[in-house]
Amino acid sequence: MPDTLTKFIFGRLTWESLPLHEPIVVATFVAVALGGIALLGVITYFKLWTYLWREWFTSVDHKKIGIMYMVLGLVMLLRGFSDAIMMRLQQAIAFNGSEGYLNSHHYDQIFTAHGVIMIFFVAMPFVTGLMNFVVPLQIGARDVSFPFLNNFSFWMTVGGAILVMASLFVGEFARTGWLAYPPLSGIGYSPDVGVDYYIWALQVAGVGTTLSGINLICTIVKMRAPGMTMMRMPIFTWTSLCTNVLIVASFPVLTAVLSMLALDRYVGTNFFTNDFGGNPMMYVNLIWIWGHPEVYILILPLFGVFSEVTSTFSGKRLFGYTSMVYATIVITILSYLVWLHHFFTMGSGASVNSFFGITTMIISIPTGAKIFNWLFTMYRGRIRFELPMMWTVAFMLTFTVGGMTGVLLAVPPADFVLHNSLFLIAHFHNVIIGGVLFGLFAGIAYWWPKAFGFKLDPFWGKVSFWCWVVGFWFAFMPLYILGLMGVTRRMRVFDDPSLQIWFVIAAFGAVLIACGIAAFLVQIFVSIRRREALADPTGDPWDGRTLEWSTSSPPPAYNFAFTPVIRDNDAWWDMKQAGYVRPLAGFRPIHMPSNTGTGIILAAFSVALGFGLIWYIWWLAALSFVCLIATAIGHTFNYHRDFHIPAAEVTRTEQARTTLLAAQG
């Protein structure tokens with residue numbers, strides 16, 4: 001085949017693009033391929049394709065989409081954590097002249113992929129999944145405002161994850177760090193496809209995240225049950241609202257800055273090229289205008305989770321509800337005003353550094369207020385140390401350390417010393433693991449029975465809990481010490497043999513965390529096996545306070561047979577105290593949105609478009625773009641977007657629940 005035709009068909013894609021010279025990648029590919037074949041075989045053998053397509057892949061039910069987000073987050077957690085283990089092992093053995101087992105080219109890819117995957121494809125799907133599942137139930141809605149958009153948002157996030165995963169086996173990933181600063185990410189320093197994978201994976205996933213944010217804002221603002229004023233919304237709903245405001249405000253900035261980087265790489269503009277009138281610092285400013293709110297996008301919903309859990313398991317109304325709401329709003333605003341503290345060391349000047357140092361310290365005040373509110377909620381409460389509450393207490397202890405080290409880094413002179421050290425890495429993981437991941441595990445344990453109708457097995461949950469908590473302290477406290485000793489971050493090999501013991505301790509902590517993840521998977525498996533013994537027929541296993549606990553577990557497709565009327569912050573607790581009686585008659589047909597496959601088709605074309613742009617396969621990019629637009633236009637002619645659940649079916653569903661509750665006495 002002539003070279004010109006080959007280049008037209010395959011672009012930059014050649015046999016050399018397959019990393020066959022990397023034994024670790026080849027072994028990973030074989031394992032993934034065998035696992036994938038086995039999974040496809042099981043689905044085919046049990047004839048599940050039709051079921052999965054009709055009930056899950058094309059579903060517009062916010063509950064199922066929330067669960068799929070969580071599954072995506074869990075799958076990507078395994079990939080992102082495997083990168084972390086590889087880095088920890090490399091750093092533990094790369095002493096005394098040893099180069100370790102990872103060359104610099106491979107290590108830098110793992111280093112970048114770990115950050116990108118953990119933030120964009122683990123934390124974000126987990127957080128979005130929780131909000132998707134819980135928020136409509138908490139506000140008494142039947143679904144989100146735009147159900148199709150919800151499905152499309154999820155599949156676009158999956159599309160971004162697919163592109164990141166493809167880089168492991170076809171080509172390579174960026175070697176720039178997770179924020180891809182120029183000039184390192186420019187075409188001069190990174191002429192390969194790694195940065196292009198980074199750009200298009202995040203652009204595809206970013207579309208999904210932005211649309212999801214718009215959807216949830218509309219849902220919370222416009223679809224609350226009668227009587228649920230803004231100051232009667234559950235705290236989790238409040239934190240979700242503020243989170244999605246931040247998403248809508250910040251993710252377009254990420255889209256813009258990545259578009260500018262793409263233009264630099266593809267058509268030779270020089271937005272970020274110092275030699276030709278551009279400015280790399282503009283990229284750093286723009287990426288952190290997105291990046292700092294992103295940290296709060298991750299943690300705010302989990303503050304809401306801790307509020308719900310603390311109130312429920314203390315058997316008390318949340319202390320200082322109004323102050324919690326205003327603290328959340330203040331954090332939302334201030335999170336947009338502190339991005340410059342990420343580059344105190346870059347010569348901005350004393351006045352700029354002072355302003356951003358002070359605002360960074362101020363943001364710790366509403367965060368600290370939340371901690372005191374949770375403590376006062378627990379004070380003189382009848383605390384039940386179920387698994388969600390254990391995660392909450394562990395969070396309070398761990399996050400406090402992360403907060404204090406954050407305030408230390410907010411002091412510009414201290415930051416000059418610590419910014420480029422492992423101290424910063426320890427602080428960041430302290431906040432993300434001790435705050436976000438602990439909160440996610442609390443939320444999963446708390447709402448699992450609502451989603452599936454049975455509790456998670458407590459024994460394996462506690463095994464996972466102690467492995468995670470102890471493993472965290474072993475893994476990251478040594479990094480604080482190393483950072484104070486001046487050890488630079490982003491290093492693959494080290495000269496000073498006296499440092500090795502600290503890296504070995506950190507690697508031991510990572511192994512304990514791996515045991516925690518394994519125990520979590522075992523917990524899910526054991527819980528499914530023992531689901532009859534762990535079943536919750538009441539729909540309210542924790543004696544909950546908010547509206548989602550008033551429905552059956554799992555909730556019916558329509559969530560509520562009648563729209564509830566709200567008279568208090570703790571709507572369900574108030575209804576129970578007032579002697580609420582479930583309506584048993586008078587049901588009407590319920591209007592519901594229809595499933596659609598358009599979301600997954602649009603996402604598939606987006607992945608093909610991204611792949612074509614990454615490899616310069618221009619015909620594939622053009623064809624995918626045309627198909628994308630045609631499918632979107634075609635969807636506008638779909639007039640079968642809704643249906644009605646007959647009153648008789650609603651009656652049968654509600655009577656079945658009445659029978660189940662009566663059997664429980």
* **Neighbour count above 12 (heavy atom, 6.0 Å) for F29 CZ** => no

* Structure fact -> L479 and A426 have their tightest heavy-atom pair at CB-CB, 3.8 Å

* Should F154 and Y69 be marked as a ring-ring contact (aromatic ring centres under 6.0 Å, His included) after you check the CA-CA gap, both sets of side-chain angles, and the distance that decides it? -> CA-CA 7 Å; F154 167 72; Y69 266 116; 5.0 Å; yes

* To do: With the side chain counted from C-beta on, respond yes when Q523 and L387 share a heavy-atom pair under 4.5 Å apart, and no when they do not.
  => yes

* To do: Give a yes or no on whether F625 atom CZ has more than 12 heavy-atom contacts from other residues, nucleotides or ligands under 6.0 Å away.
  => no

* Compare all side-chain heavy atoms of Q91 with those of F494 and state whether any distance is below 4.5 angstrom. => yes

* Asked: How far does CG of L34 sit from CG of L39, to the nearest 0.5 angstrom?
  -> 12.5 Å

* Asked: Are T405 and Y480 linked by a side-chain donor-acceptor pair shorter than 3.5 Å?
  -> yes

* **Test side-chain contact (heavy atoms from CB on, under 4.5 Å) applied to L168 and R79, step by step** => CA-CA 11 Å; L168 184 61; R79 163 69 207 281; 4.1 Å; yes

* Is the backbone N or O of F57 less than 3.5 Å from a side-chain atom of W155, with the two atoms forming a donor-acceptor pair by type? -> yes

* To do: Determine yes or no for a side-chain-to-main-chain donor-acceptor pair under 3.5 angstrom, with T210 supplying the side chain and V248 the backbone.
  => no

* Asked: Are R12 and D196 close enough, and set up right, to give a side-chain contact (heavy atoms from CB on, under 4.5 Å), and what steps lead you there?
  -> CA-CA 12 Å; R12 291 191 282 181; D196 301 320; 2.8 Å; yes

* Asked: What pair of heavy atoms forms the shortest contact from H419 to H342, and how long is it?
  -> CE1-O, 2.9 Å

* Assess the pair F344 and F416: is the distance between their ring centroids shorter than 6.0 Å? => no

* Could you tell me whether a side-chain N or O of Y107 sits under 3.5 Å from a main-chain N or O of Q90, the two making a donor and an acceptor? => no

* To do: Work out which heavy atom in L72 is nearest to a heavy atom in A161; give both atom names and the distance.
  => CD1-CB, 4.1 Å

* **Pair S104-E99, side-chain donor/acceptor within less than 3.5 Å** => no

* Structure fact -> CZ of F423 to CD1 of I481, rounded to nearest 0.5 Å, is 11.0 Å

* Where L340 and S348 come nearest, the two heavy atoms and their spacing -> CD2-OG, 4.2 Å

* To do: Examine W290 together with F120 and report whether their ring centres are nearer than 6.0 Å.
  => yes

* Asked: Quick one: are R175 and D192 in side-chain contact, heavy atoms under 4.5 Å?
  -> yes

* Asked: Counting only heavy atoms not in Y101, do more than 12 sit closer than 6.0 Å to its OH atom?
  -> yes

* Close side-chain approach of D496 to V487, heavy-atom, < 4.5 Å -> no

* Please confirm whether the backbone N or O of A174 pairs with a side-chain atom of T112, one donor and one acceptor, at under 3.5 Å? => yes

* Flag the pair F272 / N279 as yes when at least one side-chain heavy-atom distance between them is below 4.5 Å, and no otherwise. => no

* Structure fact -> Sorted by chain and number, sequence neighbours left out, ring pair (Phe, Tyr, Trp, His ring centres under 6.0 Å) with F508 holds for F474

* W200 and F611 aromatic centres sub-6.0 Å -> no

* Asked: Counting only N and O atoms by type, is there a donor-acceptor contact under 3.5 Å from the side chain of S167 to the main-chain atoms of V164?
  -> yes

* Is the side chain of R88 donor-acceptor paired with the backbone N or O of G509 at a distance under 3.5 Å, no angle test? -> no

* Locate the shortest heavy-atom distance separating W466 from M390; write the atom from each residue and the value. => NE1-CE, 4.1 Å

* To do: Report the distance from atom CG of L620 to atom CG of L13, rounding to the nearest 0.5 Å.
  => 10.5 Å

* To do: Report the relative orientation of the aromatic rings in Y616 and W618; use parallel for angles under 30°, tilted for 30 to 60°, perpendicular for over 60°.
  => parallel

* Is a side-chain N or O of T273 found less than 3.5 angstrom from the main chain of D275, in a donor-acceptor match? -> no

* Structure fact -> Rounded to the nearest 0.5 angstrom, the CD1-CG distance for I433 and L440 is 11.5 Å

* Asked: Within the side chain of Q203, is there an N or O that forms a donor-acceptor pair under 3.5 Å with the backbone of T255?
  -> yes

* Answer yes or no: is there a side-chain heavy-atom contact under 4.5 Å between I297 and V127? => no

* Asked: Using 30° and 60° as the class limits, which term best fits the ring planes of F476 and H429: parallel, tilted or perpendicular?
  -> parallel

* The single option from I85, L78, D83 passing side chain to side chain contact (heavy atoms under 4.5 Å, CB included) against F81 -> I85

* To do: Begin from the C-alpha positions of T128 and T209 and carry the test side-chain contact (heavy atoms from CB on, under 4.5 Å) through to its verdict.
  => CA-CA 8 Å; T128 310; T209 304; 5.5 Å; no

* Asked: About how many Å separate CG of D415 and CG of L418, when rounded to the nearest 0.5 Å?
  -> 7.0 Å

* Asked: Take atom OH in Y266; do more than 12 heavy atoms of anything else shown fall under 6.0 Å from it?
  -> yes

* So, F173 versus Y197, ring centres under 6.0 angstrom or not? -> no

* M124 versus I247: any side-chain heavy-atom pair under 4.5 Å? -> yes

* Does the side chain of N96 reach to within under 4.5 Å of the side chain of Q500, using non-hydrogen atoms? -> yes

* Atom pair CG (L286) and CE (M281), whose distance is rounded to the nearest 0.5 Å -> 10.5 Å

* Check: F10 ring centre within less than 6.0 Å of W615 ring centre -> no

* Minimal non-hydrogen separation, W288 against W339, with atom names -> O-CB, 3.3 Å

* To do: Decide yes or no on side-chain contact (heavy atoms from CB on, under 4.5 Å) for L397 and F438, but give the supporting numbers first.
  => CA-CA 11 Å; L397 296 169; F438 284 12; over 6 Å; no

* With under 30° as parallel and over 60° as perpendicular, where do the rings of F399 and F395 fit, or are they tilted in between? -> tilted

